[in-house]
Colleague: 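Input: one structure, supplied below.
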Amino acid sequence: MKYDWLDGYLRSMPGAEHDYKLEWQWDRYMVRGKLFAAICTPGPEYKPPYSGHPLINLKCDSRLSAGFRESYPEILPGFYMDKRTWIAVPLDGGIPEAVLRDLCGLSYKLVVEKLPKYVQKQLEEERL
């Protein structure tokens, strides 16, 4: 994985929780129990272009995901997720770091926006 800063960045978001789902071999990043990112490497039993590539699944607004995939052909519909609202970004270096940071931030924001207002306020206070 080229982006060695990624784990620390995802964990630094207010309220971020990390675990490793052994059965899936996924590093999962959540906020108040809601998934906003997952890093995995699909095995050879999965179809290309997913198989054998480390990737991160990120929540994405369905209206934006097609545009991201058009601008960056490496970006795929989410792996093992709802293909309309998740994207999969390969972590072998084709996506500029700034774009990946923005996509991670967008994913986190989309999940936080669905949380109750009092939780959103708590997370904002943690940020300050």
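For the numbers below, each heavy atom of this structure counts, side chains included, while hydrogens, waters and symmetry mates do not. Sequence positions, counted from 1, serve as the residue numbers for this chain.
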Colleague: Quick one: does any side-chain atom of S107 pair with a main-chain N or O of F36 as donor and acceptor, under 3.5 Å?
Modeller: yes

Colleague: With distance as the sole test, does E74 use its side chain to make a donor-acceptor pair with the main-chain N or O of V89 at under 3.5 Å?
Modeller: no

Colleague: Quick one: does N57's side chain have a donor or acceptor within less than 3.5 Å of a partner on F79's backbone?
Modeller: yes

Colleague: More than 12 heavy atoms of other residues, nucleotides or ligands under 6.0 Å from NZ of K83: is that the case?
Modeller: yes

Colleague: What about the rings of Y9 and Y3, do their centers lie closer together than 6.0 Å?
Modeller: no

Colleague: Under the criterion side chain to side chain contact (heavy atoms under 4.5 Å, CB included), which of I56, L76, L103 is the partner of I87?
Modeller: L103

Colleague: If you compare all heavy atoms of G43 against all heavy atoms of S51, which two are closest, and at what distance to 0.1 Å?
Modeller: O-CB, 3.2 Å

Colleague: Kindly indicate, with the supporting measurements, whether the criterion side-chain contact (heavy atoms from CB on, under 4.5 Å) is fulfilled by L58 and L106.
Modeller: CA-CA 9 Å; L58 297 166; L106 174 64; over 6 Å; no

Colleague: Tell me the closest heavy-atom pair linking A88 and Y50, and the distance in Å.
Modeller: CB-CE2, 4.1 Å

Colleague: Within the distance-only criterion (no hydrogens, no angle test), does the side chain of Y80 pair as donor or acceptor with the backbone N or O of P42 below 3.5 angstrom?
Modeller: no

Colleague: Looking at CG of L35 and CZ of R28, how far apart are the two atoms once the value is rounded to the nearest 0.5 Å?
Modeller: 7.0 Å

Colleague: Is S71 reaching over with its side chain to a backbone N or O of G67, donor-acceptor style, under 3.5 angstrom?
Modeller: yes

Colleague: Is it the case that the side chains of Q122 and R32 hold a donor-acceptor pair, with the cut-off being a distance below 3.5 Å and no angle test?
Modeller: yes

Colleague: Would you sort out whether L115 and K34 count as a side-chain contact (heavy atoms from CB on, under 4.5 Å), showing the intermediate values?
Modeller: CA-CA 9 Å; L115 296 173; K34 303 292 184 186; 4.0 Å; yes

Colleague: What class does the angle between the rings of H18 and Y29 fall in, given that below 30° is parallel, 30 to 60° is tilted and above 60° is perpendicular?
Modeller: tilted

Colleague: Using a strict threshold of under 4.0 Å (side-chain N to carboxylate O), is an ion pair present between K121 and E124?
Modeller: no

Colleague: With a sphere of 6.0 Å drawn around CZ of R11, does it hold more than 12 non-hydrogen atoms of other residues, nucleotides or ligands?
Modeller: yes

